[in-house]
Amino acid sequence: MKRMVRTVQELSAEEKLRLICGKDFWHTDDLGGKIPQITVADGPSGLRIVKERAEDGSETAYPAAAYPAISLLANTWNRAAAAEMGECLADECLEKDVDILLAPGVNIKRHPLNGRNFEYFSEDPVLAGEMAKAYIGGLQGGGVGACLKHFCCNNLEYDRLNQSSEVDERTLRELYYLPFEIACQAQPVSLMCSYNRINGTFGAEYAKGFALLRGEFGFRGAIVSDWSAVRDRTASAAAGLDLEMPFNGENYRKLCEDYRRGALSDAALDACAQRVLDLVYRCKEMRQGKKPARTDKERRAAARRIAAEGMVLLKNNGVLPLQAGGSAALSGCYARPDSCGMLRGGGSSAVNRGEEKFDLPARLAERGTEARYEGAFRFDEVESFGQSARRAALLAAECDCSIVCVGLGEKFEREGADRETARLPAVQERAILESAKSNPNTVVVVFAGSYIDMSAWEEKAAAILFAGYPGTGGDDALADILVGKVNPSGKLSETFPRCLADVPAADGRCVSAGVTRYTEGLGVGYRCFSTNDVPVLFPFGHGLSYSVFAYSDLSASAEGGALHISFAVENASERSGAETVQVYVRECVPLVSRPDRELKDFAKAEIAAGKRKRFSFSLGQRAFAHWSASKDCWEVSDGVYEVLIGSSAQDIRLRCKLCIKNGEILLR
Ligand code: GLC
């Protein structure tokens, strides 16, 4: 076999220049066979390998297994589920010779209307970082490289290629950098810059951020541009961006010209070229000898299981689970969508599910429910509403319960544009209200990738199940929860506020020319609502079960500068169920402004009926620290702190206080 080049010293300047600019849309250059070539592909919830690209830029992808949207995965709060999804995606990539999957995205859900929120984990950096870290571990453990994205502050699609996110250093450190810092512990082989500017500097030229990744966060991979995010290849290479994707002839020509006139140093060029070389070999070594660990059938079963685990029971007056053998009127086109685009977000993460169908009526019938389906409304058409809504209402009146399936889909949630409203289309809200008039046992199933303003109808619903964007097998997953075969255990990874006006970022959206000022600072999600006692519709971390969990017996000890806590959770019901416990920290009398509580850890476990399980956590000094803007470092102030153990950010079950003095923890 031809000897391959492994160091830049063996390459000419021309070869190095060629190496740091992709070969085409989805491949690196192999320098005429001197080095291996790697293939990259989207996306976080399934393989999107482009079959053809039309003149207008629209793309057709090959059919592939669709996994739950990242937002639905986040709602599992289960690191093992994230790892398993990563492992399954690795198998998909191995079978299709993809070396790097362009995932996961960890951008913070600062604004509920961000068009890509469905593709991100959370409003909270610890939940986002920990789930991404597990996902990367599963993906790379399966032999395929990850590409952690988009670094950073890409929190709106509005003017994403140009606008500058203006964020203070402390907010960057404690909120926007933190998911990347945590996820980098999994050593992703690559990381993707964002399109936008950060405090005026384009993500592709963000030298300060790249130095932080490599210096403090220990990132040892290659930094890749977002697609066509590079404006000046010389400036981006000098900043430390290693690989431009896709190949851009004009950028490459200018890069060579700049190099020839000395505008790019050999040191900078060598650094980028070596990291691309290392990337290529790391990917090849990572997949050496790897074979798919699961069959396609096993992977689809995993997708279904993860979807069921991520669906969130927001409200339930007891109508769920459905009575065995009972009758249910189903309405709303999401129950049997005629396009998979209604059950996913749009853009580069959209997976082509081929001929696969989603059919809730059929799945419920298979489970013994007399499911009577009235298509009723299309997702956003009003004119057809009248007669079909009337039929749906009559049907609802005749059945034990009425299940109204509503939602968004790629028409409303997609890359490249933000949502226009937090509410459902009027026709859908109307259908819910009509159903509730006909049958008080109205169950609303919501298919969406992010916050929905439910204020117009929430009180009329007997139960609300947030089904997210499930992938393959989503109809089975949903039916299992509705009939009680699966006990729901999902919890919200973003707050559902009462209304958009309560969200500080919401009024900063339309900004001065090209600048989005993050004036809310750390006031994102529950950090804002808990601190300011703003009531919310459903809090961060909220999710009901068919079981009841009781927390007790909190014990705490301090050793080696860390706090060690443990407590018991009892399943006080007759059926097994899973509970996610959340550990928040609060500084009681802070000398700087601090959120009222900050998530520091979480864990999920299945607890058999009537049994107890003990959870244990250790919190090191960093768990109590804030970023000191005056000292440019993490600082733990002397003072009194409180640890809050919650079933959600607002449902605090246990708490304990402690003092910290000169880094020593003293229990009160
Ligand atoms: C897109 C996205 C990025 C994706 C890439 C390749 O514009 O921002 O997430 O991986 O281009 O499709």
Side-chain angles (χ1 to χ4, degrees), residues 19-30 35-44 47-48 70 86 89-90 93-94 97-107 119 129 132-133 135-152 154 177 179-195 203-207 209-215 217-230 233 236-237 239-247 271-287 290 348-349:
L19 180 60
I20 67 170
C21 301
K23 176 179 175 54
D24 54 30
F25 242 81
W26 306 110
H27 302 91
T28 57
D29 200 288
D30 68 352
I35 61 172
Q37 178 179 65
I38 57 172
T39 302
V40 305
D42 289 311
L47 257 187
R48 188 179 75 99
I70 290 294
L89 287 162
C93 290
L94 290 176
D97 291 328
V98 169
D99 299 292
I100 295 178
L101 187 67
L102 300 171
V106 290
N107 295 89
E119 212 180 319
K133 178 179 165 184
Y135 177 108
I136 293 166
L139 181 68
Q140 300 198 152
V144 174
C147 185
L148 180 61
K149 64 188 186 180
H150 308 84
F151 187 74
C152 61
N154 178 190
Y177 288 162
F180 292 92
E181 180 180 3
I182 295 168
C184 278
Q185 292 165 12
Q187 278 305 334
V189 299
S190 61
L191 176 144
M192 187 188 291
C193 78
S194 59
Y195 283 120
E205 301 170 16
Y206 192 36
F210 299 161
L212 180 72
L213 288 165
R214 293 177 171 132
F217 296 174
F219 173 65
R220 296 197 301 273
I223 298 175
V224 180
S225 74
D226 199 341
W227 266 234
S228 303
V230 172
R233 186 65 188 105
S236 59
L241 184 120
D242 305 313
L243 177 63
E244 175 182 8
M245 289 301 281
F247 176 72
C272 291
Q274 186 62 58
R275 286 189 290 256
V276 177
L277 271 181
D278 294 346
L279 172 71
V280 166
Y281 286 106
R282 189 171 166 208
C283 287
K284 293 307 180 190
E285 282 148 26
M286 185 176 274
R287 72 184 297 145
K290 291 282 189 201
S348 60
S349 67

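The pair Asp226-Lys149 does not meet the salt-bridge criterion, since no charged nitrogen lies less than 4.0 angstrom from a carboxylate oxygen.
Here CZ of Phe219 is found 6.5 Å from OG of Ser190. Values are rounded to the nearest 0.5 Å. Separation of atoms SG (Cys272) and CG (Leu277) is listed at 11.5 Å; rounding is to 0.5 Å. For the atom pair Thr28 OG1 and Ile20 CD1, the distance stands at 13.0 Å (nearest 0.5 Å). One distance of note links CZ of Phe210 with SG of Cys193; it measures 5.5 Å at 0.5 Å rounding. With rounding to the nearest 0.5 angstrom, the NZ atom of Lys133 is 11.0 Å from the CD atom of Gln187.
When side chains are defined from C-beta on, Pro44 counts as touching Ser349, because their heavy atoms get closer than 4.5 Å. At a threshold of 4.5 Å between non-hydrogen side-chain atoms, the residues Leu101 and Leu139 count as touching. Inter-residue side-chain proximity for Pro246 and Ser228 is flagged as met; some heavy-atom pair is nearer than 4.5 Å.
A ring-centre distance under 6.0 Å is found for Tyr177 and Phe151.
Shown here are the side-chain hydrogen bond (donor to acceptor under 3.5 Å, both in side chains) partners of Arg48, two or more places apart in sequence or in another chain: Asp42, Glu59.
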Intermediate values then yes/no, side-chain contact (heavy atoms from CB on, under 4.5 Å), His27 and Ile38: CA-CA 6 Å; His27 302 91; Ile38 57 172; over 6 Å; no

Apply side-chain contact (heavy atoms from CB on, under 4.5 Å) to Arg275 and Arg214, showing your working. CA-CA 12 Å; Arg275 286 189 290 256; Arg214 293 177 171 132; 3.0 Å; yes

